[in-house]
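Residue indices begin at 1 and follow the sequence shown.
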Amino acid sequence: MPKSGYLAIKGYISNMIRSKEWPPGHLLPTETELAVQFNCARATVNRALGELAEEQIIDRRRKAGSRVRDGRERMANLKIQFPCREVEAIGKEHRYVALKREICALPMILQSSSEMGQSDQCLRTEGVHYAGDTPFQFEQSWFRRDAFPELFEAGGKVKAPCVTLLEKNPFYHGSLSISASKANHVEARHLGIKMGDPLINKEYILTDGHDGTPVAVMQIRYKPDYSISCIF
């Protein structure tokens with residue numbers, strides 16, 4: 001058989017899965033077997049299997065081989081945008097109104113065991129993001145002093161937290177949690193809704209990109225007309 005490119009191998013495997021000859025859970029031939037079948041290098045097979053795994057068609061396990069995915073669990077691609085970018089994405093002018101700025105103790109999520117009881121290592125901010133003249137998000141954020149020392153300078157004016165984070169370090173990573181709650185009187189007043197109305201909440205815990213140390217927390221409250229979409 002003439003040598004085959006990775007697309008031919010990928011197409012062959014895809015067709016076997018679509019035709020259900022290889023049902024969910026089916027163990028695929030090994031890389032060596034596919035390389036012999038298609039008269040190609042194992043690197044070519046590896047590329048084909050790698051793309052199928054990225055597309056969530058198969059599962060690859062070290063020393064356990066590759067199997068057809070059963071489809072009961074999928075990874076979704078959710079685009080992460082901080083508030084300023086979200087407002088710009090809907091064609092509105094972003095404006096941030098700071099409501100509160102205070103030095104406080106580190107919240108538990110940002111502290112290590114050696115930092116318990118330290119009362120001046122965190123900056124807490126509170127504010128509202130506007131889309132044009134309409135309240136869009138209510139936000140509370142916490143920043144570590146050692147990661148954002150410039151924010152602790154006397155008389156320093158706090159920008160929108162999202163702008164501070166975007167300017168500070170492009171290597172930030174972290175986690176995102178999404179939940180729902182009812183608006184308290186503070187959230188309702190600043191978002192222009194009724195107390196008890198439903199809210200969509202996002203909590204970002206950001207790390208510095210080196211050793212995974214948490215450096216900031218952002219808690220954002222959205223009005224009930226907010227929606228989230230992703231691709232899988």
Contact check, side chains of [X] and [Y], non-hydrogen atoms, under 4.5 Å:
X	Y	value
Glu93	Val87	no
Thr44	Glu31	no
Glu51	Tyr6	yes
Met218	Pro83	yes
Thr125	Lys100	no
Thr207	Val215	no
Arg221	Gln137	no
Gln219	Ile205	no

What is the distance from atom [atom1] of [X] to atom [atom2] of [Y], rounded to the nearest 0.5 Å?
X	Y	atom1	atom2	result
His185	Glu187	NE2	CD	9.5 Å
Glu21	Asn15	CD	CG	10.0 Å
Cys230	Lys79	SG	NZ	13.5 Å
Arg60	Leu28	CZ	CG	10.0 Å
His94	Tyr130	NE2	OH	11.0 Å
Ser14	Leu7	OG	CG	10.0 Å

With ring centroids as reference points, do Trp142 and Phe148 lie under 6.0 angstrom apart?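 Distance test on ring centres: not under 6.0 Å, no.
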
Would the Tyr204 and Phe82 ring centres measure less than 6.0 Å apart? yes

Write down the atom of [X], the atom of [Y], and the distance for their closest heavy-atom approach.
X	Y	answer
Ala64	Leu27	O-CD1, 3.7 Å
Ala105	Cys122	O-CB, 3.7 Å
Met195	Ala188	N-CB, 3.6 Å
Val68	Pro23	CB-O, 3.4 Å
Ala180	Asn201	C-ND2, 3.6 Å
Ser66	Leu49	OG-CD1, 4.3 Å

Give a yes-or-no answer on whether the side chains of Glu88 and Gln81 include a donor-acceptor pair shorter than 3.5 Å.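 Result is no, nothing qualifies.
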
Would you mind checking if [Y] and [X] are paired as a salt bridge, meaning a charged N to carboxylate O distance below 4.0 Å?
X	Y	answer
Arg42	Glu33	no
Asp59	Arg69	yes
Lys92	Glu86	no

Check against salt bridge (Lys or Arg N to Asp or Glu O under 4.0 Å), Arg144 and Asp146: CA-CA 6 Å; Arg144 285 185 60 99; Asp146 55 3; 2.8 Å; yes

Decide whether [X] and [Y] are clustered together by the hydrophobic rule: side chain heavy atoms of Ile, Leu, Val, Met, Phe, Trp, Tyr closer than 4.5 Å, transitively.
X	Y	answer
Leu176	Phe136	yes
Leu34	Leu52	yes
Ile200	Ile90	yes
Ile193	Leu99	yes
Tyr222	Leu78	yes

More than 12 non-hydrogen atoms from neighbouring residues, nucleotides or ligands closer than 6.0 Å to CG on Asp225, yes or no?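 Enclosed: over 12 neighbouring heavy atoms sit under 6.0 Å from CG of Asp225.
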
Could you check Arg95 against His129 for side-chain contact (heavy atoms from CB on, under 4.5 Å), going step by step and ending with a plain yes or no? CA-CA 6 Å; Arg95 179 167 61 93; His129 295 267; over 6 Å; no

So Leu123 and Ile103, side-chain contact (heavy atoms from CB on, under 4.5 Å) or not? Walk me through it. CA-CA 5 Å; Leu123 174 67; Ile103 306 299; 3.8 Å; yes

Name all residues meeting the side-chain hydrogen bond (donor to acceptor under 3.5 Å, both in side chains) criterion together with Gln140; count only those two or more places apart in sequence or in a different chain, and write none if there are none.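 Per chain and number, Gln140 pairs via side-chain hydrogen bond (donor to acceptor under 3.5 Å, both in side chains) with Glu126.
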
Sequence neighbours excluded, the answer for salt bridge (Lys or Arg N to Asp or Glu O under 4.0 Å) partners of Arg189 is none

Decide salt bridge (Lys or Arg N to Asp or Glu O under 4.0 Å) for Glu139 and Lys202; before the verdict, give the C-alpha distance in whole Å, the side-chain angles of both, and the deciding distance to 0.1 Å. CA-CA 10 Å; Glu139 177 186 327; Lys202 289 183 182 178; over 6 Å; no

Would Cys40 and Val45 count as a side-chain contact (heavy atoms from CB on, under 4.5 Å) if you check the C-alpha gap in whole Å, the side-chain angles of each, and the deciding distance to 0.1 Å? CA-CA 8 Å; Cys40 65; Val45 176; 3.8 Å; yes

Could you walk me through whether Leu191 and Asp197 pass the side-chain contact (heavy atoms from CB on, under 4.5 Å) check? CA-CA 11 Å; Leu191 289 174; Asp197 279 356; over 6 Å; no

